[in-house]
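Reviewing the structure listed below.
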Amino acid sequence: MDFEPSPDQSAILEAVETLLAQRAGPERAIELAAKGEYDFELEEALSEAGFVDVALGEETGFLEAALVVEAVARAGGVVAAGARLLVAPGAAERPLPGPVALATDRIDRPVRYGAHARTLLVADGDEAGVVRLEPGEFEPVPSGYGYPFGRGARSLLDRADSLGPGSGPRMRGWWRVALAAEAVGTMAAALRVTVDYLKQRRQFGRAIGSFQAVQHRLAECAVSVEGARWLMLEAAWQGARPEAAAVAAAHATTAAARVFRETHQLSGAIGYTREHDLHVWSMRLQALRLELGGAAAQRRAVAESRWAGGA
Amino acid sequence: MRIGLDPEEQSFRADVRAFLEGYRNLNGFFHQDERWPEVKGFYRALGERGWLSLTWPERWGGLGLGPVHEFILWDEAAYARAARPPLSAGIVAKTILRHGTDAQKQRWLPGIRSGELHFSLGYSEPQAGSDLAAVRTRAERSDDDYRVTGEKCWTSYAQDSDYLWLLCRTGAPDSRSAGLSLMILDLRADGVTVSPLPTLDDAQLNEIHLDGTRVPAEQRIGAENEAWKIVAEALADERHVQFPPRRLRRDLEDVIEWTRAAGLDRDATVRRGLADLAVEVLEVETHAMRVLAAVQQGRAGAVEAAANKVAGTVLCQKIARAAVEWGGPAAIVRGEPLEFLWRQSLWETIGGGTSEIMRGVVARQGLGLGGRR
Ligand SMILES: Cc1cc2nc3c(=O)[nH]c(=O)nc-3n(C[C@H](O)[C@H](O)[C@H](O)COP(=O)(O)OP(=O)(O)OC[C@H]3O[C@@H](n4cnc5c(N)ncnc54)[C@H](O)[C@@H]3O)c2cc1C
């Protein structure tokens, strides 16, 4: 058992964080969100630096890819990192051209990154399929949730190339891990912004963060996020084994609800304004929480994988 | 004990409902700024019926009725999603009635009563949120005027209002609650800059920068440095309309209707969830009745009001959250009614005193647990 990153893992993380410090961050996220745009430049940079190939690398694997996805989410990157770095290699067992969007058969409902994706990965029953998308085939959906969304006609699915029997559950497993990784990075950032704010925000002659009633709630959030993080890394380490992936996603979506609620409540009025960075991450938590059937579906997946076999 | 309305009150409620027919879903309840001309029209129509001055003494153009009538009006207006009570006819008018001079009453009350004059609440500042006694905005007296300099923030509707109901410091900088005064500041006066703070419900709050703005001394309400007590009384005056419970009934009904339309109303989990919420809605209605009873009997009712606010606002978020959860990804399409309800409800546990401050009141004053804030 070793919960410390290896020197190689530390080097990867440091490299991606350096890149993200230059190219991502809340300001960029706000600018892109206002226009409903995608960060093609960031995706290109991640790709050039080799981060999109980490999962299938010779010296690296899915655990390292999960760490990178988490870091991208922490930096508020507007790229489909989870889909490209974890789900595509996990489901297709080969890289797919990005941006990659993930969907069930209901692509007539909002799909995260749908309007910008070149590759649509679809989990439909036992088989996953790949659809090459042309620009304009998905229409953008207005949303205030930090990610661009799109939806398309279900007839597009007729063009899907199957990834073969068993690829459906495999894709869902990696999707859950990716969802958890993005949620973990996003929660950590939301919590960090809030903790930093409450350390310096003074009322009644003291820092608000020094009130015990406030501390306990932030501590509960920190415990939840830490738990979600290790469940997610364990699931990545185990190759998205159905039960581990479902547990990671179930825990992360539940934690996301708590972190959303507490960070907003404890930030007071400033957190409700767009002046403060909290919304960059908090609103995304709401979107992540509802993906792939939402918290209830993640829990059902836990039950099914544990007691009924399969996901 | 009488837990319900008497026949006269019931008949008033019927009148209110009939009147509100023309204003259903005016949506000033949520988005006053977008709809300001219409919302103002609604207030004027209320003014014409004397309903903005239900509880004022007849001498000042009021109907001399009690808080129950006021509660009925604003509770029904919440259910109709028409609009919230205007600050002018509530805190402002009631404070002027209690502490103003006759000249001030003559100057301000007619315009308020008719729905013509509107005020924003100028309490919060960058350094004074929950801790209101930390207000720094400074008013310096010179002859017949005050010159006011400072920073207000999170001011609702300042972009549409005529005046600011200003809490400011006239005492020494460290005088805390003993050095505050209340004044009426003209938002169109020199030295006033109002800037928008965009919010997550696609509306705005405002920052107000005051730079030597002139306020005539006759626009100070109550004695200098005595505002703290007045502010507390004004809060008590408005307790019964601060969080009208029918908003929740309406939220829940909207959610139920939506579950029907989405074919979810037969789903056992959804039904169970709706039943839980329905129980809580009824609970909050009883909290609201307790507040009303306290106000009616002239008791302070601070604990009842705190309980009502915390229970009501937490529940309003719960209802919206449940709907979004059942709605799945469709619930992130911006502007869909349930999605909007969810985003809007986020601030209810913050504005008008946070849940934490309310829980503190229940703990210290209700349970006698002692301790400071
Ligand atoms: C939509 C909206 C409209 C508003 N409109 C107006 C307006 O028109 N005019 C106006 O003057 N103000 C207005 N406000 C401001 C409102 O009154 C303040 O937001 C409120 O008083 C809380 O202050 P704050 O936001 O600075 O939070 P803070 O006081 O900074 O508190 C931050 C967090 O710490 C918690 N906290 C603070 N002290 C304690 C403690 N002792 N123990 C435990 N927890 C604590 C709070 O509960 C909160 O969760 C509005 C706010 C909102 C959100």
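Atoms considered below: every heavy atom in the structure, side chains included; atoms not considered: hydrogens, waters and symmetry mates. Below, chains carry the letters A, B, ... as their sequence lines are ordered, and counting in each starts from 1.
- Note: B:V324 leads B:L205, B:V324, B:T354 in heavy-atom pairs under 4.5 Å with chain A.
- When heavy atoms are compared at a cutoff of 4.5 Å, B:S124 does not approach chain A at all.
- Using a 4.5 Å cut-off between heavy atoms, B:A128 contacts chain A through its backbone alone, with no side-chain atom that close.
- In this structure, chain B has no heavy atom under 4.5 Å from any part of A:L292.
- Top candidate by heavy-atom pairs under 4.5 Å with chain A, chosen from B:L200, B:D201, B:I350, is B:L200.
- Across all non-hydrogen atoms, the minimal contact from B:E348 to B:R84 is OE2-NH2, 2.9 Å.
- Sequence neighbours left out, the pairs with a member in residues 269-286 of chain A that pass salt bridge (charged side-chain N to carboxylate O under 4.0 Å, His left out) are A:R274-B:D202.
- Taking chain A as the reference chain and counting heavy-atom pairs below 4.5 Å, the highest number among B:A134, B:A331, B:G129 is found for B:G129.
- Applying a 4.5 Å heavy-atom cutoff, the residues of residues 333-347 of chain B that approach chain A are B:V333, B:R334, B:E339, B:W342, B:R343, B:Q344, B:L346, B:W347.
- Judged by distance alone, with hydrogens and angles left aside, the side-chain atoms of A:Y113 form a donor-acceptor pair with the main-chain N or O of A:V79 at under 3.5 Å.
- At least one cation-pi condition fails for A:R112 and A:F149: the charged atom is not both under 6.0 angstrom from the six-membered ring centre and inside a 45 degree cone around its axis.
- Of the N and O atoms on the side chains of A:S282 and A:H264, at least one donor lies less than 3.5 Å from an acceptor on the other residue.
- To the nearest 0.5 Å, the span separating CG on B:L197 from CD on B:Q204 amounts to 8.5 Å.
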